Amino acid sequence: MRRDMQNILVVEDDHDLNQAICYSLKKSGYGTYGAESAESGRTEFLRNRIDLVLLDVNLPDGEGFSFCRWIKSRKETPVIYLTARDMEEDVLTGYESGAEDYITKPFSMKILSRKIDVILKRTVLVSQLIFEDGYLSIDMDNVKVSVKGRECSVTPTECRLLRQFLLNRGQLLTYDLLLERLWDSGSQFVDRHALAVNINRLRGKIEDETHKYISNVYGMGYQWIG
């Protein structure tokens, strides 16, 4: 596969459906890898450069929710669920596990392709981990944060928070999800109170009365609104 081709991993235990999705994606110009279990999906994910994962919830060796969390703990790769499970509880669990979208079967391949295109274009931009709006400047690759042109000192924990917010712009990050990801990244705090303290400290450094970037969605989590 070409080095510049975007690669999609399809984790679906229905062999015919897996092949049909891979065939359609290849026609659209994507590189594809197929897996019919969580174990083979992990192998393909570790072996290849994967830019997006299409994931069934019901797998022969486990639930897709756990597989999605496994992915997110290693790399911020977009995940879209493709599943017959349409209960509200399942949909919420899917989003809480870190997925970008949750699509129930049967689905339109045209709509799926458009969703993939939008998510991958956004991922290419976000992957640079750069934010600039004239007031606040963030360059996570070089670990530089500036407010009104002046460099702002941020702690390692605040850097990890900014990274999560920029990787998930506009998405609600639940308390538990943030704690899980920051803990995996080596963060020291382990409860919601300490999380709130760190976020409030970060907001105090980068926000003022007219520039707001982090929203507290009461009882649920935080969201980057910049």
Side-chain angles (χ1 to χ4, degrees), residues 1-15 17-57 59 62-83 94-105 107-131 138-142 160 162-173 177 180-181 184-185 224:
M1 296 183 180
R2 301 196 313 269
R3 292 176 61 86
D4 60 341
M5 180 180 289
Q6 290 176 301
N7 299 320
I8 298 175
L9 172 61
V10 181
V11 186
E12 164 63 60
D13 65 336
D14 184 319
H15 178 77
L17 179 58
N18 194 315
Q19 292 296 304
I21 294 173
C22 287
Y23 176 76
S24 180
L25 292 173
K26 286 178 181 178
K27 287 183 63 178
S28 297
Y30 295 109
T32 62
Y33 296 93
E36 298 180 14
S37 67
E39 181 179 359
S40 59
R42 284 190 288 268
T43 299
E44 294 294 344
F45 186 84
L46 294 173
R47 180 183 296 164
N48 306 288
R49 179 181 60 79
I50 303 299
D51 300 296
L52 183 142
V53 178
L54 298 178
L55 178 61
D56 193 4
V57 173
L59 297 171
E63 282 196 327
F65 301 135
S66 298
F67 185 72
C68 181
R69 294 188 185 97
W70 178 85
I71 290 173
K72 295 292 185 175
S73 70
R74 284 155 179 78
K75 182 183 176 184
E76 287 295 339
T77 302
V79 174
I80 298 177
Y81 284 108
L82 297 177
T83 177
Y95 282 114
E96 288 172 358
S97 68
E100 277 63 34
D101 211 336
Y102 191 102
I103 299 175
T104 56
K105 300 173 182 175
F107 57 88
S108 163
M109 195 63 210
K110 288 184 178 180
I111 294 178
L112 174 61
S113 296
R114 182 59 59 87
K115 286 177 177 286
I116 290 173
D117 185 53
V118 169
I119 290 174
L120 285 177
K121 284 182 178 179
R122 184 181 68 205
T123 302
V124 169
L125 296 174
V126 173
S127 65
Q128 300 177 32
L129 289 170
I130 292 175
F131 179 86
I138 303 173
D139 181 354
M140 294 306 301
D141 288 336
N142 296 304
R160 287 191 286 269
L162 284 172
R163 179 177 294 274
Q164 289 301 318
F165 283 128
L166 292 187
L167 285 168
N168 301 277
R169 303 182 200 196
Q171 296 183 44
L172 171 65
L173 296 176
L177 186 61
E180 179 182 328
R181 293 188 184 179
D184 287 341
S185 300
W224 181 266

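Numbers here are sequence positions counted from 1. Note: hydrogens, waters and symmetry copies are ignored here, and every other heavy atom, side chains too, is used. Computed from a predicted model, the values in this text were never measured in an experiment.
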Legend entry - Within 6.0 Å of CD in Q19, more than 12 heavy atoms from elsewhere: yes

Legend entry - R114 atom CZ, over 12 foreign heavy atoms within 6.0 Å: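 Open: at most 12 neighbouring heavy atoms sit under 6.0 Å from CZ of R114.
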
Go through the structure and list residues passing side chain to side chain contact (heavy atoms under 4.5 Å, CB included) with [X], not counting sequence neighbours.
X: E36; answer: H15, N18
X: L46; answer: W70
X: L177; answer: L173, T174, R181
X: S40; answer: A35, S37

[Y] side chain reached by [X] side chain, heavy atoms, under 4.5 Å:
X: V10; Y: L25; answer: yes
X: L54; Y: I103; answer: no
X: V11; Y: F45; answer: no
X: L120; Y: Y30; answer: yes
X: L82; Y: L17; answer: no

Inset, instruction - Output all residues satisfying salt bridge (Lys or Arg N to Asp or Glu O under 4.0 Å) with D117, sequence neighbours left out; order by chain, then residue number. - result: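 Expected list: K121.
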
Inset, instruction - Please identify each residue that fulfils salt bridge (Lys or Arg N to Asp or Glu O under 4.0 Å) with E96, with sequence neighbours left out. - result: none

Rounded at 0.5 Å granularity, tell me how far [atom1] in [X] sits from [atom2] in [Y].
X: T32; Y: I50; atom1: OG1; atom2: CD1; result: 9.5 Å
X: I119; Y: I80; atom1: CD1; atom2: CD1; result: 3.5 Å
X: L166; Y: I138; atom1: CG; atom2: CD1; result: 5.0 Å
X: S28; Y: Q6; atom1: OG; atom2: CD; result: 12.0 Å

Inset, instruction - Verify, without hydrogens or angle tests, whether R74 (side chain) and I71 (backbone) share a donor-acceptor contact under 3.5 angstrom. - result: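 Not at all, since once roles are kept as given, no pair shorter than 3.5 Å links the two residues.
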
Legend entry - Sidechain-backbone polar pair: K72 side chain, T77 backbone, donor-acceptor under 3.5 Å: yes

Inset, instruction - Report the residues that fulfil side-chain hydrogen bond (donor to acceptor under 3.5 Å, both in side chains) with E63, sequence neighbours left out, ordered by chain and then residue number. - result: R85

Inset, instruction - Quick one: list whatever passes side-chain hydrogen bond (donor to acceptor under 3.5 Å, both in side chains) with E44, sequence neighbours left out. - result: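 In terms of side-chain hydrogen bond (donor to acceptor under 3.5 Å, both in side chains), with neighbours along the sequence ignored, E44 is linked to N48.
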
Legend entry - Partner residues of F131 under the ring pair (Phe, Tyr, Trp, His ring centres under 6.0 Å) criterion, sequence neighbours left out: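 Y213, W224.
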
Legend entry - Results of ring pair (Phe, Tyr, Trp, His ring centres under 6.0 Å) for Y81 - residues two or more places apart only: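 F65, Y102.
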
For residues [X] and [Y], report the shortest heavy-atom separation together with the two atoms involved.
X: R49; Y: N7; answer: O-ND2, 2.9 Å
X: C68; Y: A99; answer: SG-N, 4.0 Å
X: G41; Y: L9; answer: O-CD2, 3.6 Å
X: S24; Y: M109; answer: OG-CG, 3.2 Å

